[in-house]
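Reminder, nothing fancy here: chain letters follow the sequence lines and each chain counts from 1.
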Protein chains: 2
Amino acid sequence: MPRKISESTVGRLSLYLRFLEEFERRGVTTVSSQALAVRGGTTAAQVRKDLSLFGSFGKRGLGYSVPELTAAVRKILGLGRQWRVALVGAGRIGSALFEYGDFRQRGFRIVCVFDSDPEKVGRAWGDVKIEDSAGLTEKLGREQVDIAILAVPVDVVQEVSDRVVEAGVGAILNFAPTQLHVPPSVAVQHVNMSVELEALSFALSRVEGAA
Amino acid sequence: MPRKISESTVGRLSLYLRFLEEFERRGVTTVSSQALAVRGGTTAAQVRKDLSLFGSFGKRGLGYSVPELTAAVRKILGLGRQWRVALVGAGRIGSALFEYGDFRQRGFRIVCVFDSDPEKVGRAWGDVKIEDSAGLTEKLGREQVDIAILAVPVDVVQEVSDRVVEAGVGAILNFAPTQLHVPPSVAVQHVNMSVELEALSFALSRVEGAA
DNA sequence: ACATGTGAACTGCTTCACAGCG
DNA sequence: CGCTGTGAAGCAGTTCACATGT
C-alpha cells in the first residue's frame, strides 16, 4: 500500500464503484479500463493508474472481472463494514440527508441525530430520537460514532466541530461554508453547494464576456 | 484576463469572498493575504497568486482594502447580477435546496421547479408552482434560465440533462452520482455526498490499518 | 492480437524567495 | 520596514508509450 493517495484518486474510485455495481446488476462480467473511463469522464490510462496504486486486478488482453474488481474497490474504500454516523443539525439539509437512501445502502448508518432547538428535541425520525446538542460530546463517545455530519449554521460549526473532535470522532463531513480547524488526525470533507454554484456563475460570465 | 483558470482557484475565491463578507460585517477595513490564508486553510502565497491572476488589488506594505477586494472578487465570480435558476426534481434534496437561503442571498433565484410526479405537479412552493417535467425544454427557454439544478434519480439524469442542454441552458449543477455527458460549451458541477462519505471511509480504514 | 501495468515525459498547480513599492 | 506581486523552482497528478502477459 502506497503512503499517499490523492483526493482525486479516491473520488474516482467511488465513481468506478458505482459503474461496476451497475454493470454487475446488468449481468456484465468483464470491463476494460476504457469502458470505465468513458463512464467516469476520464481516460483509460487514468483508470489503470488509479487501480495500479493498490494492486493488479485485471487480466492482460482481457480486462477486469466485474465481481472481482467490485469487491476489490469496496475493500479499498473501506466499505466492507458498517460505519456509525451522527447527524448534527436537524434542519432542512439534515432532514434530506437522513432520508437519503444511498447512505444506508452503502453502509453508513445514522445512529444519532442532534439539534439545539427545543422544539425538535425529543421528536423521532424513524427509530432515531432527536437529542439535545448539549449532550453531544458524551453521547458520541458512548455510541462509538465513526463519522459526524455537520449540518448546522456556519457561525456555530467550529464550536460543534471542536466538541465532535473532543469526543474522539475521526471523520467529519461539513456542510457549512467554512474551513474547519481540526487536528491532522481528523479527516474532513466539505460539501459546499454555494461554492459550486459560484463556479457556474464564473463559467457563465466568462463565455458571455468572450462573446 | 488569463485564458485558463483552475477549478481550485475558483473554489478558493468563493471561500475568500465569504471571509471578506464576514470581515466587512465586523467593520474590518483591511486584510492581509496571510489573514485570508488562515481562514481558508491555505497559504499567503496561494492567496496572492489566486488574486494576481485577475489583477492587482492590494497595497504593498499594507494589505487589501476589504470593501474593494470584496467588490473585485464578486465581480470576478460574476455575482454582480441575478442568475435565473431552475430546479428539476422536487424531492427531499430539491426541497432542501429550495429553502436554502444562501442561494437567493447570493443572487441565485429559483424561478421554476419541475417534477414528474403528478402528486406534486400543481403544488406551490412559495410563489413558484411545481410544473410537469414534460414541458421542461420549452419552459426553460421561455423563462431564460441560466442554470439548472438537477436533483433527480440517477437513472433519468442523463435524459433530463439532454433536454436542459437542448433548451440552451449553459450551466448545470448535478446532484446525481454519475458523470454527465454534455457539449463542451456547457459548464457542469457535481455535488456527490456519497463520494465524500466514501472518502472519509477510506481515510478511516487507513489509519486503522496502520495501527 | 489485445488490454493491462508501469516507468518516463509532460503538464499544471503550489510553494519559494525576493524585487518592488507604499 | 511590511506586504504585495511574480518569475523561478519544486512537486504532484496526468498522459504517453511500450513491455508484459494471456
Q. Restricting to pairs with a member in residues 175-197 of chain A, which pass salt bridge (charged side-chain N to carboxylate O under 4.0 Å, His left out), not counting sequence neighbours?
A.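 Matches after skipping sequence neighbours: none remain.
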Q: Keeping to residues at least two apart or across chains, list the salt bridge (charged side-chain N to carboxylate O under 4.0 Å, His left out) pairs with something in residues 168-195 of chain B.
A: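 Checked against salt bridge (charged side-chain N to carboxylate O under 4.0 Å, His left out) - neighbours excluded - no pair reaches residues 168-195 of chain B.
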Q) Are A:R12 and A:T42 close enough that a side-chain donor and a side-chain acceptor fall under 3.5 Å? A)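 A:T42 and A:R12 do not have a side-chain donor-acceptor pair below 3.5 Å.
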Q.
Applying salt bridge (Lys or Arg N to Asp or Glu O under 4.0 Å) to A:R74 and B:E198, what does each step give before you reach the verdict?
A. CA-CA 10 Å; A:R74 271 221 192 85; B:E198 284 170 18; over 6 Å; no
(Q) Tell me whether the rings of B:F202 and A:F54 are parallel (<30°), tilted (30 to 60°) or perpendicular (>60°). (A)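 Ring orientation, 0 to 90° scale: perpendicular.
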Q) Can a salt bridge be assigned to the pair A:R18 and A:E22 using a cut-off of 4.0 Å between side-chain N and carboxylate O? A)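 A:E22 and A:R18: not salt-bridged.
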Q | Residues B:R109, B:D146: salt bridge by 4.0 Å N-O rule | A |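 Salt bridge: no.
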Q: Please determine, by modelled atom types, if A:S205 and B:R81 share a side-chain donor-acceptor pair under 3.5 angstrom.
A: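 On atom types as modelled, these side chains do not qualify, holding no pair under 3.5 Å.
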Q) Between A:R26 and A:E21, is the closest basic N to carboxylate O distance under 4.0 Å? A)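 Between A:R26 and A:E21 there is no salt bridge, as every charged N stays at least 4.0 Å from the carboxylate O atoms.
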Q.
If I take atom NZ in residue A:K49 and atom C1' in nucleotide C:dA9, what distance separates them, rounded to the nearest angstrom?
A.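 My rounded result for the distance is 11 Å.
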Q. In residues 181-196 of chain B, which ones come under 4.0 Å of DNA chain D, going by heavy atoms?
A.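 Contacts with DNA chain D under 4.0 Å: none.
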**Q.** Whole-Å distance separating the CG atom of B:D50 from the C1' atom of C:dC13
**A.**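 Whole-Å distance recorded here is 10 Å.
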(Q) Show, in sequence, the C-alpha distance, side-chain angles and deciding distance for A:R142 and A:E138, and conclude whether the salt bridge (Lys or Arg N to Asp or Glu O under 4.0 Å) test is met. (A) CA-CA 6 Å; A:R142 220 184 320 125; A:E138 185 192 34; 3.7 Å; yes
Q) Of A:L62 and A:S6, whose nearest nucleotide on DNA chain D comes first from the 5' end? A)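 Nearest-nucleotide comparison on DNA chain D picks A:S6.
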Q: Determine whether the aromatic ring centres of B:Y100 and B:F103 lie less than 6.0 Å apart.
A: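 Yes: the rings meet the under 6.0 Å criterion.
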Q. When you list every nucleotide of DNA chain D with an atom under 4.0 Å from a heavy atom of chain A, which one comes first 5' to 3', and which comes last?
A.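 Answer, 5' to 3': D:dG13 to D:dT22.
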Q. Picking from C:dT14, C:dC16, C:dT6, which would you name as closest to the side chain of A:R48?
A.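 Selected nucleotide: C:dT6.
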For nucleotides 20-22 of chain C, give me every protein contact, N/O to N/O, under 3.5 Å, one pair per line with atom names.
{"from": "C:dG20", "atom 1": "N3", "to": "B:R60", "atom 2": "NH1", "distance (Å)": "3.0"}

Q: Would you mind reading off the distance between B:I5 atom CD1 and C:dT11 atom P, rounded to a whole angstrom?
A: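 Rounding to the nearest Å, CD1 of B:I5 and P of C:dT11 are 19 Å apart.
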**Q.** A:L140 side chain near A:F114 side chain, heavy-atom distance below 4.5 Å
**A.**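 Contact flag for A:L140/A:F114 side chains = yes.
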(Q) When you compare the side chain of A:I76 with that of A:F57, does any pair of heavy atoms fall below 4.5 Å? (A)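 Of all side-chain heavy-atom pairs linking A:I76 with A:F57, at least one is under 4.5 Å.
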Q.
What residues from residues 19-36 of chain B pass a heavy-atom cutoff of under 4.0 Å to DNA chain D?
A.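 Those residues whose heavy atoms fall under 4.0 Å from DNA chain D, taken from residues 19-36 of chain B in numerical order, are B:S32, B:S33.
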Q.
Between P on C:dT11 and CD on A:Q46, what's the gap in Å once rounded to a whole number?
A.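 These atoms are roughly 16 Å apart.
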